[in-house]
Novice: 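Before I ask anything, let me first share the structure, which is written out below as structure tokens.
Order of the sequence lines fixes the chain letters, A, B, ..., with proteins taken first and strands second; residue numbering starts at 1 for each chain. All values below come from the heavy atoms of this structure, side chains included, with hydrogens, waters and symmetry mates left out.
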Number of protein chains: 2
Amino acid sequence: MRITKPRIAIIESLTRHEGPISIEKIHQDIGTEVCDLVTVYRCLSAFESLGMVRRSYLHNGTCLYELTLGTPRHYHIVCKACGKTDRVDYFPVESMERMLQDRGYTQISHVVEFFGICPTCQKNPESRQTSISGRRTSRA
Amino acid sequence: MRITKPRIAIIESLTRHEGPISIEKIHQDIGTEVCDLVTVYRCLSAFESLGMVRRSYLHNGTCLYELTLGTPRHYHIVCKACGKTDRVDYFPVESMERMLQDRGYTQISHVVEFFGICPTCQKNPESRQTSISGRRTSRA
DNA sequence: TTGAGTGCAAAGGATTTGCAGGTTC
DNA sequence: GAACCTGCAAATCCTTTGCACTCAA
């Protein structure tokens with residue numbers, strides 16, 4: 001695995017942005033001139049198979065990526081209007097995983113994500129720049 | 001909302017098959033001659049906006065549908081090897097949503113999904129027919 | 001030097017949409 | 001009879017792939 005400019009930029013972007021982020025957003029975050037969107041796809045795919053990032057399909061079916069390394073137990077609430085993520089520190093999941101172990105499952109992991117309208121967007125409904133909702137279902 | 005043959009068939013299929021099921025599977029289940037695949041898409045979309053069915057994006061990004069009626073809110077654990085889903089009945093989420101409301105969020109929803117290796121796949125590692133990873137990577 | 005990485009264009013699969021014709025209420 | 005539903009074809013969106021070229025090791 002070689003170290004290249006796009007890869008560094010992608011990792012930096014993932015580090016900076018804590019919480020799951022879409023490929024599109026990563027591309028914009030690092031600057032679209034740094035590399036092609038396809039490269040972002042390929043890099044994340046590579047990172048994933050190395051276990052460096054985690055992929056999750058949240059809510060709307062588009063996939064989001066997140067650094068695996070050193071992520072402590074915390075979650076996020078994503079604003080459905082502006083897309084901003086906020087941290088949710090505590091979530092009682094240990095008992096659930098224990099229960100599933102008792103059922104015979106191994107290598108248990110989970111995805112938890114909250115969605116809502118943040119206080120800011122409630123005050124300024126116009127600030128809803130980035131639609132988070134569906135893929136093409138976004139008309140809903 | 002009119003009652004038509006395809007819609008009846010789809011509801012019956014969803015009733016028969018408890019647990020999340022893909023659109024493709026519903027189409028095959030009701031018989032492909034009953035209606036076009038597009039109609040299944042449209043019906044499920046309609047059912048969803050009426051709150052009759054729930055849509056979830058599991059692990060691999062394809063979406064599955066499930067009857068809402070009568071099923072209390074529950075979650076799933078998806079086997080990372082064979083892709084089979086199993087039900088997880090209880091999950092303490094009310095307190096979390098209350099906490100987020102206190103933070104000023106509204107219209108709160110959430111996604112919870114568990115992953116693991118099911119007991120069967122632990123015994124027969126060869127039974128891993130269905131790769132769960134990618135989405136059109138499913139040609140693999 | 002040399003093979004992994006990249007860009008560009010194009011393919012591919014899932015889902016949605018437009019429109020004309022059929023069906024339910 | 002009118003509005004809703006459907007089928008078919010085509011459009012879209014997201015993601016992956018093919019291929020020639022570039023660059024890190």
Side-chain angles (χ1 to χ4, degrees), chain A residues 1-13 20-50 52-65 83 130-140, chain B residues 1-13 20-50 52-65 83 130-140:
Chain A
M1 164 77 83
R2 291 185 183 164
I3 298 174
T4 66
K5 204 182 305 176
R7 293 187 173 177
I8 294 171
I10 291 170
I11 294 289
E12 282 177 354
S13 172
I21 179 173
S22 72
I23 290 199
E24 196 79 42
K25 272 211 178 115
I26 293 175
H27 190 216
Q28 284 166 13
D29 185 41
I30 66 180
T32 51
E33 74 285 353
V34 171
C35 70
D36 198 80
L37 180 61
V38 175
T39 298
V40 185
Y41 272 98
R42 282 196 265 228
C43 289
L44 284 169
S45 206
F47 293 161
E48 189 190 15
S49 54
L50 287 178
M52 293 170 62
V53 303
R54 212 181 352 241
R55 177 194 217 168
S56 45
Y57 291 91
L58 296 180
H59 202 224
N60 54 1
T62 48
C63 62
L64 307 181
Y65 285 86
T130 322
S131 169
I132 275 215
S133 40
R135 295 160 124 143
R136 25 241 138 178
T137 319
S138 43
R139 47 191 167 64
Chain B
M1 164 77 85
R2 292 186 180 162
I3 299 174
T4 65
K5 204 183 302 177
R7 293 187 172 176
I8 294 172
I10 291 169
I11 294 289
E12 282 177 353
S13 172
I21 178 174
S22 72
I23 290 200
E24 196 77 44
K25 272 210 179 116
I26 294 175
H27 191 215
Q28 285 166 12
D29 185 41
I30 65 180
T32 52
E33 73 285 355
V34 170
C35 69
D36 198 80
L37 181 60
V38 176
T39 299
V40 185
Y41 273 99
R42 281 196 266 228
C43 290
L44 284 169
S45 208
F47 293 161
E48 189 189 15
S49 54
L50 287 179
M52 292 170 61
V53 303
R54 207 161 18 221
R55 180 192 213 165
S56 47
Y57 291 92
L58 298 178
H59 205 223
N60 55 0
T62 47
C63 62
L64 307 181
Y65 286 87
T130 322
S131 167
I132 276 217
S133 33
R135 146 192 249 188
R136 19 245 136 182
T137 317
S138 47
R139 45 185 173 64

Novice: Look at the side-chain N and O atoms of A:S45 and state whether any lies under 4.0 Å from the OP1 or OP2 oxygen of D:dT16.
Specialist: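 Answer is no, no contact under 4.0 Å.
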Novice: Can you tell which of D:dT16, D:dC8, D:dC19 lies closest to the side chain of A:R42?
Specialist: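 Between D:dT16, D:dC8, D:dC19, the one nearest the side chain of A:R42 would be D:dC19.
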Novice: Can you tell me the distance, in whole Å, between the CD atom of B:E33 and the P atom of D:dG7?
Specialist: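 Spelled out: CD on B:E33 to P on D:dG7 is 11 Å.
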Novice: Does B:R7 have a side-chain nitrogen or oxygen under 4.0 Å from the phosphate oxygens OP1 or OP2 of D:dC5?
Specialist: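 Answer is yes, contact under 4.0 Å.
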Novice: Below 4.0 angstrom from OP1 or OP2 of D:dC23, is there any side-chain N or O of A:T4?
Specialist: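 For D:dC23, neither OP1 nor OP2 has a side-chain N or O of A:T4 closer than 4.0 Å.
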Novice: Atom CD of A:E24 and atom P of D:dC13: how far apart are they, to the nearest Å?
Specialist: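 In whole Å, D:dC13 P and A:E24 CD are 11 Å from each other.
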Novice: A:L44 CG to D:dT16 P: how many Å, rounded?
Specialist: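 It works out to 10 Å between those atoms.
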Novice: Nearest of C:dA9, D:dT15, C:dT15 to any side-chain atom of A:Y41?
Specialist: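 The answer is D:dT15.
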Novice: Roughly how many Å is it from CG in A:L50 to P in C:dA4, rounded to a whole number?
Specialist: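 Value for this atom pair: 14 Å.
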Novice: Could you tell me the separation between the CD atom of A:E24 and the OG1 atom of A:T32, rounded to the nearest 0.5 Å?
Specialist: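 OG1 of A:T32 is found 10.0 Å from CD of A:E24.
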Novice: Reckon A:R2 has a side-chain N or O less than 4.0 Å from the OP1 or OP2 of C:dT6?
Specialist: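 No.
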Novice: Whole Å only: how far is the CD1 atom of B:I8 from the C1' atom of C:dT23?
Specialist: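 In whole Å, C:dT23 C1' lies 13 Å from B:I8 CD1.
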Novice: Rounded to whole angstrom units, what separation is found between the CG atom of A:L37 and the P atom of C:dA9?
Specialist: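 One finds 14 Å between P of C:dA9 and CG of A:L37, rounded.
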Novice: Can you check whether B:C63's main-chain N or O pairs, donor with acceptor, with B:R55's side chain at less than 3.5 Å?
Specialist: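 Not confirmed, B:R55 side chain does not pair with B:C63 backbone.
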Novice: A:P6 and A:V34: which non-hydrogen atoms are nearest, and at how many Å?
Specialist: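 Nearest pair, atom of A:P6 first, then A:V34: CA-CG1, 4.2 Å.
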Novice: For the atom pair CD1 (B:I10) and CD1 (B:I23), what is the distance rounded to the nearest 0.5 Å?
Specialist: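 Separation between the atoms: 8.5 Å.
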Novice: With a 4.0 Å cut-off on heavy atoms, is B:V40 in touch with a base, just the backbone sugar-phosphate, or nothing at all?
Specialist: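 Touches nothing.
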Novice: Students often get this wrong, so: under 4.0 angstrom with heavy atoms, is B:I3 touching a base, only sugar-phosphate, or nothing?
Specialist: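 Sugar-phosphate, backbone atoms only, no base.
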Novice: Can you tell me which nucleotide in C:dT6, C:dT16, C:dG5 comes closest to the side chain of B:V38?
Specialist: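 Given the options C:dT6, C:dT16, C:dG5, the side chain of B:V38 is closest to C:dT16.
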Novice: Expressed as a whole number of angstroms, how long is the span from A:D36:CG to D:dT15:C1'?
Specialist: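 To the nearest whole Å, that distance equals 13 Å.
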Novice: Find the distance A:I10:CD1 to C:dT6:C1' and express it as a whole number of Å.
Specialist: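 So the CD1-C1' distance, A:I10 to C:dT6, works out to 11 Å.
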Novice: Within the distance-only criterion (no hydrogens, no angle test), does the side chain of A:H27 pair as donor or acceptor with the backbone N or O of A:V38 below 3.5 angstrom?
Specialist: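 It does not hold such a pair.
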